[in-house]
Amino acid sequence: MTTVAAQTVDAAVEELLGAIRDRREIEQLSAAWPSLDEATGYRIQERLVERLCADEHSHPGGIKLGLTSAVKQKQMNVDEPIYGMLLASRLVAEGEPLPLAALIHPKAEPELALVLGTELRGPGVTAAQARAGIASACVAMEIIDSRFTDFKFTLADVIADNTSAARHAVSTYRVPAAGLDLRTLGAVFEKNGEVVATGAGAAVLGDPALGLAWLANKRAAHGRSIPA
């Protein structure tokens with residue numbers, strides 16, 4: 001027998017898929033389902049990613065963290081990050097143009113990408129263990145594209161929407177992790193030669209290794225790991 005929760009998940013997935021395919025904004029899910037919570041949001045996300053992978057003959061090619069800064073967490077009234085999946089079919093090669101007509105209202109964000117040499121499986125993964133599992137680091141760019149009108153959503157909404165993931169580009173130039181201080185790795189984000197933003201690894205929970213450990217343990221709570 002189908003439960004109400006299962007019906008909610010299926011209906012939410014169909015609504016999000018329609019928004020992605022038709023490139024249109026939709027009202028946040030929590031407006032129709034006020035009881036939508038974080039756990040259900042992750043259930044919706046997992047099913048949405050499964051459907052997208054099937055439609056695009058793809059597979060998850062990475063995992064992203066969101067709400068890693070204290071400012072963002074305070075803004076969303078939460079005390080931990082969130083995560084979403086990056087599809088291999090949505091990787092944009094370096095130098096490749098991005099057709100904006102395929103998206104709703106995209107925004108670009110510079111990111112620090114970590115490449116794992118070993119699988120991280122929680123629970124109980126520490127920052128030291130996470131750091132030891134990193135093979136290399138590189139710069140990346142994420143194109144986020146919330147399916148919700150005016151980028152307005154609750155925490156459960158954005159989790160269900162796969163944390164607004166749309167496209168991503170990852171540098172082929174990688175720096176071996178041995179000896180790197182991830183906290184002091186910096187990024188300068190330029191548009192047409194003008195600096196529009198700067199950042200450092202320390203913005204990620206004070207240390208990206210802490211973010212990676214959190215992710216491994218959160219994924220373990222969902223019966224998953226972080227593959228190499």
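If you read the sequence from its start, that first residue is 1, and numbering goes on from there.
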Look only at the side chain of [X] and the backbone of [Y], and say whether a donor-acceptor pair between them is shorter than 3.5 Å.
| X | Y | answer |
| --- | --- | --- |
| S58 | S89 | yes |
| N162 | A165 | no |
| E96 | A93 | yes |
| D145 | H105 | yes |
| S30 | W33 | no |
| D157 | L29 | yes |
| E111 | A140 | no |
| R183 | G206 | no |
| E56 | C53 | no |

According to a hydrophobic-cluster definition based on side-chain heavy atoms being under 4.5 Å apart (Ile, Leu, Val, Met, Phe, Trp, Tyr only), do [X] and [Y] belong together?
| X | Y | value |
| --- | --- | --- |
| M76 | W214 | yes |
| Y42 | V78 | yes |
| I104 | F153 | no |
| L65 | L86 | no |

Practice task
Please say whether the positively charged group of K218, taken as NZ for Lys or CZ for Arg, lies over the ring of Y83, i.e. under 6.0 angstrom from the six-membered ring centre and within 45 degrees of the axis.
Solution key: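 Because its charged atom misses either the 6.0 Å distance or the 45° angle limit, K218 does not stack over Y83.
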
Any heavy-atom pair between the side chains of [Y] and [X] that's under 4.5 Å?
| X | Y | answer |
| --- | --- | --- |
| L205 | P81 | yes |
| L116 | P227 | no |
| I134 | T118 | no |
| L185 | L182 | yes |
| L210 | V204 | no |
| R219 | I63 | yes |
| R24 | R147 | no |
| K107 | I143 | no |

Practice task
Indicate whether the side chain of H222 and that of E46 have a donor and an acceptor atom separated by less than 3.5 Å.
Solution key: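 No - no donor-acceptor pair under 3.5 Å links their side chains.
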
Practice task
Could you tell me whether the side chains of E94 and T172 share a donor-acceptor contact shorter than 3.5 Å?
Solution key: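 Note: E94 and T172 side chains meet the donor-acceptor criterion.
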
Roughly how far apart are [X] [atom1] and [Y] [atom2], rounded to 0.5 Å?
| X | Y | atom1 | atom2 | value |
| --- | --- | --- | --- | --- |
| I226 | L212 | CD1 | CG | 5.0 Å |
| L52 | Q45 | CG | CD | 10.5 Å |
| T154 | E38 | OG1 | CD | 11.0 Å |
| T184 | D207 | OG1 | CG | 10.0 Å |
| R224 | M85 | CZ | CE | 9.0 Å |
| N217 | S225 | CG | OG | 12.0 Å |

Handout entry: Residue pairs involving residues 60-77 (criterion side-chain hydrogen bond (donor to acceptor under 3.5 Å, both in side chains); sequence neighbours excluded)
Key =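 As it turns out, the side-chain hydrogen bond (donor to acceptor under 3.5 Å, both in side chains) pairs with a partner in residues 60-77, which skip direct neighbours, are K64-E142, K64-T163.
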
Exercise for the section: Mind checking ring-ring contact (aromatic ring centres under 6.0 Å, His included) for F189 and listing every partner two or more places apart, or none if nothing turns up? Expected result: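 By the ring-ring contact (aromatic ring centres under 6.0 Å, His included) rule, F189 matches no residue at all.
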
Problem - Counterpart residues, ring-ring contact (aromatic ring centres under 6.0 Å, His included), relative to H59 (two or more places apart) - result: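 Expected list: none.
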
So which heavy atom on [X] is nearest to which on [Y], and how close?
| X | Y | result |
| --- | --- | --- |
| A130 | A213 | CB-N, 3.8 Å |
| A216 | L120 | CB-CB, 4.0 Å |
| C138 | S171 | SG-O, 3.7 Å |
| I144 | E109 | CD1-OE2, 3.4 Å |
| D161 | F148 | CB-CE1, 3.6 Å |
| L48 | A160 | CD2-O, 3.7 Å |

Practice task
Indicate yes or no: does E50 engage R47 in a salt bridge with an N to O separation below 4.0 Å.
Solution key: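 Yes, E50 and R47 are salt-bridged.
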
Exercise for the section: Run the numbers on Q28 and V158 for side chain to side chain contact (heavy atoms under 4.5 Å, CB included), then give the verdict. Expected result: CA-CA 9 Å; Q28 60 190 44; V158 71; over 6 Å; no

Problem - Member of V139, V115, L114 meeting the side-chain contact (heavy atoms from CB on, under 4.5 Å) criterion with R174 - result: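 Checked V139, V115, L114 against R174; only one passes side-chain contact (heavy atoms from CB on, under 4.5 Å): V115.
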
